[in-house]
Amino acid sequence: MFKQRTFGPLSRAAAASFATLIAAPVLAQDVGQGTIEALEEIVVTGTNIRGAAPIGNAIQTVGAEEIAASGKATVAELLRALPTNFAGGVAQADNNRGGQDGTSAGANLTGGSGVNLRGLGALSTLVLVDGRRVATSGQFGDFVDVANIPAAAIDRIEILQDGASAVYGSDAVGGVVNFILKRNFEGVQTTARYGTLTEGGGDEFQASIVGGTSWSSGRAVIGYEFNDRARVTAADRDIDGNYADEGGVNWQNYTSRVGGAANLFGPGAFSYISPVLYTVPQGSGSGLTAAQLAPATGGVGNTSNPWAGWDILPEMQRHSLFVTFDQDIASGITTNGSLRYTRREGNYHTGYVDLLGSVPATNPNFIAGVTNNFSVLVDDFITQRDTTVDSFGGDLGVTFDIGGDWKLDVHGSYSRENQKRESQLERDANIDDFLAGPGGGQVSAPNSVVCSLMGLNSSNIGAIAAPTAQQAFCAGLNYETFNPYSTDPLSAQVLSQLVGYENLEFDSWVRQGSVKADGTVVDLPGGPLKLAIGVDYRTEHIDGELDFNYRSIDPVRLPYGATERDVKSAFAEFAVPIFGDANSLPGLRALDLSLAVRHEDSQGLGDFTSTDPKFGLRYKPIESLNIHGSYGSSFHAPPMRFAYDGPQPVPGGNAILYNSAYTAPCTTGMVELNPANSQGICTLNTLVVSGGAGPVLKPEEADTWTVGFEFLPESVPGLLLSANYFNLQIDNRLVRITAGQLSGILANYFATGSSPYAGNITFFPDDAMVQSLYDDPRFVGLVGPGMTLQPNQIGAVIYATQTNLASLKMDGLDLGASYGFDTGIGEFEVFANGTLLLSYELQSTPGARYEDKLGKYEVMGNPVKLKSKQGLSYRRGSFGAIATVNYTDSYECVSGCYVPNAVGAPVLNTTPVKIDEWITLDLQFNYSFDQASGFLNGTSLGLSVLNATNEEPPFIDTGRLVSGNAPEPYDAANAIISNRAVALTVTKSF
């Protein structure tokens, strides 16, 4: 079948059938066995027993050669392409305007990249470097940023796709990704790579140098890697919010009613989706009369591209240094360690500032006879966001021979992430200044935009006989008057009044120390019974500081409450060989059992105690067939920032605010609605509680069992078949709900009448409940323009925080196949690998029915049924080539997506919308000059073409009727917008 394929235009049906038949879990690897065997004494993922593979699970390995041949520049890109890693959830570098967890605008401060094995979320994947924990990233510390790990430092990546809390403790629910650094390297190797995207933007240069040496008592490796990538803009991919040509909505007409020349709305509440009555003519905007205004056709008025000036991928630069060493100190005593440091700097273009406001009569540009409720685009400059990460990690261990083959290992490590983000933002709120209110209370003072529109200063305030407290406050600032009706360039002073800054810095670190002894307890007929026993102690810490003026008049500096926990653990593990080479029987070549158990106790913010066992079995009926299985429990403790709910006035922080931007079907009786607007759109007044959930969260707990095999038939040399069935159930499932996801959650709720997140939503709330939230120190009121809402006007309270869902259960298959054969014209290998999910179901409350979420699009990022890679490799002498077909299965949006109605207006879909499968072709070519003489000796060239057929991501209209969110035309959890990427790599070894 494979020989009939060509590498011209792909047949989607054929590729899909091929992927379905022979999918497998991870890259079928063929790493040089000598190197792996030499390093297995140092780190083996999934077990505490030295020099042994874990019993009951297969470890998938991606070696340095495969990393180099993948065509990917960074570790983050490589891991995202693996079928077992579902990218939904936190940390997606090319999702700059999505949900707040997935973008640098929100909790993912610096646009980092996480790992999401099994589609359970980055929270449930434990990431290690040489078996040691790494400091977490993001404001909530809910993922490890693998973008800070240089590819040049990695000897191999080991991936365990199973729960492993019995070995590692918290977080190892979906699996473990362990980066093994280079230690056994001789000579010097330099690499230079230049890549570009054929559709525009994204030029990338990467260079590295690695040197290693050894001596009679030790060895060392040192290296440096540099990466520089240019930005990819929305304009580079023709993303402009108008998706009518693709069967979607022209969102410019419906949610971007704002332009360089102002629009004027009617009385009452207004927004970027409100009907426009008039447009303002080009010019100075001074002395305008109502007669000079142009009536807006169809209520649309001036519109703009919501993606104008936005990056999809930012400009990014990274420097990385690393050192590893091993040294004999004395007879029976050795030491080993590593140091690594990365500095990553990014610059994001974040579009233009769009303003909603109302010009008061005190402004000299007030137009008599109309409401003066306006929208205008400040297109004088593109706002920016600068990010910086300083990532540090180090470890040091000493190993003692303590008799027989027993060794005592004492190891300590420290890892730190310092994240900084500096953003330009509209100054549309004031949470720092207060004025005397009616009845002796306090009310928030006007914000900077309102004061800029006021037109009052110390020179003219005297003309008002009895100025209000708000007018007196603004006059005291002596602001320059802002005229939103002018299309002339704004002065630097006015721009500083309209656009402010937010500087946010977060520090997270983890300190870990462990003592472990392992060796042979007794020699059994089947082999040595091994035992590992030890204790582990770690401290995790996160704190931060915020400096801003975009929600204040004067600069404000606030610390974030520091959060810290201490975790103590004790662990033991047995490996019991019942049958082996010495006592094997027909049909029983080998039988091994393992038992691991770990008790972990935490004190600090978010206390927990958990004891987790794991049982493993490996059975060989014949030499060529290996059958394995495992059962165990695992858990994930809530990240400390999930439990912290102190006030944090920052996007993605802890705050309580209200708005009227969320929509609902006008026919629903589930919630009290505002009257429909002229487009027939109904909104609800919502009070949103955003940020940490407080100390109510519980650890999620999982039970997992697996069974699988690897078959290498002696009758067919070169053939490898593998399969692994996995089944898991997670109770108290931890999910972070973000404000950017609420539109989709509400849409699904209104369409189906149920939601896994129903516990986070209260319709028809009691006035006393609402008042208590108004009195909460996190309450910031209204952000941006709009009406002040009283408690009895709130139709819903939504907790956009973390929550423990009752349960998630899923099962699936990891399947693999490869066949290598030699011919007269070279060596070939056919390979295939992928993950096929059979179920993925959520239960919202104990006793409720499970809801099928497999292959169902939601902003929370549910996995698709099948992801796979398959292809053909060829090698002849110094030349090699690989062609890989990547397959992502089709899925559907049952509800919560937008489609145009008969007149093109956006409406929620009432029938499922199919999202097509995505099939891409990657090509890699390499040539080695190992047989050449002179300078070319030791040189190799590599050419990669990723997505060679330039397949665009499947279209989906994710449009949101919440102002400030630009609709994306693709699902960033399951596709990449880069399109065709070409790169040339030159490597020289000395």
Side-chain angles (χ1 to χ4, degrees), residues 40-41 43-59 126 128 131 158 160-176 178 404-409 514-536 567-580 582-584 588-601 609-620 626-636 701-710 724-729:
E40 279 179 342
E41 291 290 302
V43 176
V44 178
T45 304
T47 179
N48 283 307
I49 295 177
R50 173 173 34 94
I55 295 172
N57 295 114
I59 298 295
L126 178 63
L128 306 171
E158 294 183 345
L160 172 66
Q161 295 171 214
D162 195 12
S165 289
V167 177
Y168 297 109
S170 178
D171 307 344
V173 175
V176 181
N178 193 4
D405 66 348
W406 278 80
K407 291 183 182 290
L408 177 69
D409 183 75
S514 59
V515 179
K516 183 192 74 170
D518 74 316
T520 299
V521 177
V522 63
D523 286 319
L524 300 176
L529 186 154
K530 300 275 189 177
L531 167 66
I533 188 168
V535 294
D536 184 271
V567 184
K568 302 172 185 177
S569 305
F571 57 87
E573 182 177 351
F574 288 92
V576 185
I578 299 176
F579 288 93
N583 65 341
S584 62
L588 195 54
R589 296 291 300 167
L591 178 64
D592 301 295
L593 300 177
S594 70
L595 167 63
V597 63
R598 183 181 181 109
H599 175 78
E600 193 154 291
D601 179 84
T609 299
S610 184
T611 301
D612 296 280
K614 185 171 183 178
F615 304 89
L617 177 145
R618 179 170 56 225
Y619 167 52
K620 268 191 171 185
N626 179 39
I627 299 172
H628 56 80
S630 68
Y631 169 78
S633 67
S634 54
F635 78 102
H636 176 76
E701 300 171 342
D703 290 308
T704 308
W705 63 274
T706 68
V707 60
F709 71 86
E710 293 85 35
N724 182 65
Y725 172 79
F726 58 91
N727 184 295
L728 63 90
Q729 177 167 327

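This chain uses plain numbering: 1 for the first residue, then up along the sequence. Hydrogens, waters and symmetry mates play no part in the numbers below; they use all other heavy atoms, side chains included.
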On a heavy-atom basis, which atom in [X] and which in [Y] lie closest, and how many Å separate them?
| X | Y | result |
| --- | --- | --- |
| Ser584 | Arg589 | OG-NH1, 3.4 Å |
| Lys516 | Asn48 | NZ-O, 2.8 Å |
| Ile49 | Ala532 | CG1-CB, 3.9 Å |
| Ala596 | Val167 | CB-CG2, 4.5 Å |

For [X], what residues pass the salt bridge (Lys or Arg N to Asp or Glu O under 4.0 Å) criterion, not counting sequence neighbours?
| X | answer |
| --- | --- |
| Asp171 | Arg133 |
| Asp536 | Arg598 |
| Lys620 | Glu623 |

Could you tell me whether the side chain of [Y] reaches within less than 4.5 Å of the side chain of [X], counting heavy atoms only?
| X | Y | answer |
| --- | --- | --- |
| Leu591 | Leu617 | yes |
| Asn727 | Tyr725 | yes |
| Ser633 | Pro613 | yes |
| Asn57 | Thr706 | yes |
| Ile578 | Asp592 | no |

Open item on the list: Test: salt bridge (Lys or Arg N to Asp or Glu O under 4.0 Å). Region: residues 517-527. Which pairs qualify, not counting sequence neighbours?
Closed with: Arg50-Asp518
Taking side-chain contact (heavy atoms from CB on, under 4.5 Å) as the definition, give me every residue that meets it alongside [X], ordered by chain and number, with sequence neighbours left out.
| X | result |
| --- | --- |
| Ala164 | Leu160, Tyr168, Ala172, Val176 |
| Phe574 | Leu529, Leu531, Val576 |
| Ser594 | Ile55 |
| Leu595 | Phe615 |

Open item on the list: Applying ring pair (Phe, Tyr, Trp, His ring centres under 6.0 Å), can you list everything that pairs with Phe726, at least two apart in sequence or on another chain?
Closed with: none
Donor-acceptor pair between [X] and [Y] side chains, under 3.5 angstrom:
| X | Y | value |
| --- | --- | --- |
| His628 | Glu710 | yes |
| Asp612 | Ser634 | no |
| Ser610 | Glu600 | no |
| Asp162 | Ser630 | yes |

- [ ] Taking Glu701 for its side chain and Phe635 for its backbone only, find out whether a donor-acceptor pair lies under 3.5 Å.
- [x] no
TODO: Indicate yes or no for a side-chain donor-acceptor contact from Thr704 to the backbone of Gly632 under 3.5 Å, with no hydrogens or angles considered.
DONE: no
Please name all residues satisfying side chain to side chain donor-acceptor pair (under 3.5 Å) with [X], sequence neighbours left out, ordered by chain then number.
| X | answer |
| --- | --- |
| Thr520 | Asp405, Lys530 |
| Asp703 | Tyr631 |
| Ser170 | none |

Could you grab the distance from atom [atom1] of [X] to atom [atom2] of [Y], nearest 0.5 Å is fine?
| X | Y | atom1 | atom2 | answer |
| --- | --- | --- | --- | --- |
| Asn583 | Leu524 | CG | CG | 9.0 Å |
| Ile627 | Tyr619 | CD1 | OH | 6.0 Å |
| Thr609 | Asp601 | OG1 | CG | 4.0 Å |
| Ile533 | Leu408 | CD1 | CG | 12.0 Å |

